[in-house]
Amino acid sequence: MALAAVGVLSGAPAAVAVETLNEKVQLQAAMQQYIDAQSIDGRFLALDQKSGEVRGLHLTTAHPEIMRMGNNFVLCFDFKDDQGKTANVDFYMARKDDSYVVFHTVLGDHVMLKGLMKDGKISRME
Amino acid sequence: MAAIGLTKGRGSTSSRFWPQRYPLLVKFLEILTPLFLVLSAPSINFLVHLELRQDQEVLAARIGNQAARIAVALGRYDLASMPRLGPDLLAPLASDRAFLCAEVRKGEGDPIAALPPGLGCRGAEIDQTLTLPAGPGQRLTIRYTDAELKDGWFLAVTLALSVVGLAFFFAIIASVIGFRLIVGRPLRAFLSAIRLNAESGERRHVGLQTRDELGTVIKAYDAMVQHEAEREAALSLANEALSDSERNLKELNHALEKRVRDRTADLDAQRKLAEAVSEAKSRFLAMMGHELLTPLNAIIGFSEIMKSQLLGPLGTPQYVDYSEEVHGSSMKLLGIINDVLTLSKVESAAQALKSSPVEADLLIRECLAAIASTASKSGIELVDRATGRGTTLSLDANKFKRALIALLDNAVKFTPAGGRAELRLEAAPQGGIAFVVADRGRGMTPEEIPIAMSLFGQVDDSLTRQYEGSGLGLPLAKSLTELHGGSLAIESAFGHGTIVRVLLPKDRVIQIGTPS
């Protein structure tokens with residue numbers, strides 16, 4: 001048991017590094033502010049590329065998982081449309097000065113994201 | 001052959017502490033335990049890491065989104081004109097222990113809203129800071145802590161170690177139980193079977209069927225025991241067969257011994273009968289010889305008187321010739337009768353040897369002298385090379401001399417006039433000695449030699465007519481030689497003469513001279 005404890009404790013400092021916490025907090029906050037900035041009357045407008053319609057979405061829950069794509073990041077947010085149907089939006093973000101900006105959004109399509117993950121270009125942010 | 005049950009073997013170890021009872025298990029655990037812990041450490045670390053990352057992401061999402069929403073809400077108002085609104089909007093942050101404090105400033109001035117109200121971040125522990133725009137000219141600064149991550153990490157580690165510890169404990173228990181069931185039980189049965197087999201010689205199967213390595217070993221052992229049992233059974237059968245064979249052999253031996261006894265008895269009876277017949281023959285011959293010799297002596301005596309005209313002249317000269325013929329024939333008849341009587345005595349073992357030291361040289365000379373008259377009449381030269389000089393033998397002189405004279409008589413008889421006959425002494429194999437009678441006479445073919453050796457066996461009837469004789473010479477010589485423990489060896493070639501060797505054994509030699 002002592003060996004196991006030593007092994008576990010030796011890996012702890014790396015696991016609790018606070019730097020990534022700050023970055024994640026800033027990313028989450030930047031995404032939230034972007035959504036608010038892009039919302040009209042409380043509705044986030046997004047183009048559904050499959051149906052070719054613009055959908056007004058109501059934000060519900062932010063996904064805690066953040067993906068890293070080189071120097072960029074991908075965050076995800078759950079919305080509901082007017083009919084209460086869940087819609088998922090991926091936010092592709094980049095660092096700008098001391099903050100982060102959204103440079104691309106994808107509504108309800110994880111194909112590209114899965115493809116990038118499969119190619120190893122996207123991984124879970126530690 | 002039977003399967004053995006699970007019985008405690010000799011020297012039960014139930015009273016001992018289990019590590020002493022199961023040293024194999026202890027060794028197993030000695031390997032398993034550190035291996036388990038070493039392997040489990042990175043797994044625990046990985047799991048804790050995953051848990052911590054999850055917690056961190058959740059915390060970041062909570063802080064970031066909450067702070068951003070409040071910043072957005074604050075941005076909708078001019079807090080300077082509504083001093084009571086700011087603290088109200090900041091108030092929800094107080095319910096989250098991750099937030100330490102918050103301040104809303106406009107420009108570089110004092111906070112226009114603060115959490116805790118009226119205090120803000122003054123004197124607060126400086127941990128992590130997040131600054132967000134909150135409307136025109138306003139910015140929201142919040143400080144938060146990752147203390148719950150550390151708490152979560154400790155909790156996760158504690159939980160993981162507890163789970164691992166518990167798992168380890170159950171693994172040990174399971175290992176002990178499993179070891180006893182999977183290894184201990186078959187091993188005990190195996191050991192009991194081996195001990196039983198070793199102590200009693202009884203071939204018993206272990207009788208446990210498992211599909212693991214131990215099962216394979218036990219199966220191999222059972223197969224070996226089976227093989228041993230079969231081999232012993234086969235051996236037993238072979239022993240029985242051997243016993244039967246031995247018994248049969250004994251019976252056969254008994255039968256054979258009985259047959260031998262019977263045959264010996266038959267032979268003994270036949271021998272006795274033959275001896276009786278031979279004795280009767282000898283008695284008959286002796287009696288007949290005596291009966292013949294009596295009138296023959298009279299005939300010889302009177303014919304000798306008549307031929308010498310001792311009592312006065314016979315008158316007619318032809319009577320003198322007749323009387324000489326009668327005397328000569330009587331003498332020959334006397335010789336034959338004497339030879340027959342001698343042979344008879346030898347064959348009936350009635351002849352006893354009277355051995356004494358005999359000078360070989362003298363013996364040779366006497367033999368040659370005995371035959372000299374006949375040889376002279378036939379124009380045969382007798383040769384003596386003085387080979388017997390210095391040699392002394394143990395012989396019955398009279399009987400042995402008769403044998404040599406018989407051989408010399410044959411040599412003279414079958415040698416043409418002008419020829420020569422020789423009697424000499426030679427060394428014989430194995431320290432013995434040989435008298436050699438050699439002639440340059442007619443000789444014999446190899447087929448004729450056995451005939452000549454038989455009684456009255458002259459090889460050719462024509463010879464009987466050509467060479468007078470009874471055919472008793474060789475058999476008589478042979479019998480007399482054998483009476484001395486010797487033997488006769490004949491070398492003969494038709495037309496080239498005959499060499500007869502009278503071989504005497506070593507024990508007949510007293511002193512050896514210088515034989516050629």
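To find a chain, count down the sequence lines: A is the first, B the second, and so on, and within it residues start at 1.
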Of all residues at least two apart in sequence or in a different chain, which pass the salt bridge (Lys or Arg N to Asp or Glu O under 4.0 Å) check with B:D78? B:K106
Worked check of side-chain contact (heavy atoms from CB on, under 4.5 Å) between A:H58 and A:D82: CA-CA 8 Å; A:H58 305 272; A:D82 293 335; 2.8 Å; yes
Heavy-atom contact with chain B under 4.5 Å, split by part of A:Y34: neither
B:E103 with B:R122: basic N within carboxylate O range, under 4.0 Å: no
Regarding B:Q138 and B:Y77, do their side chains bring together a donor and an acceptor under 3.5 Å, going by distance alone? no
Proximal component of B:Q54, with respect to chain A [non-hydrogen, under 4.5 Å]: side chain
Top contributor to chain A contacts, counting heavy-atom pairs under 4.5 Å, from B:A156, B:A68, B:G75, B:A60: B:A60
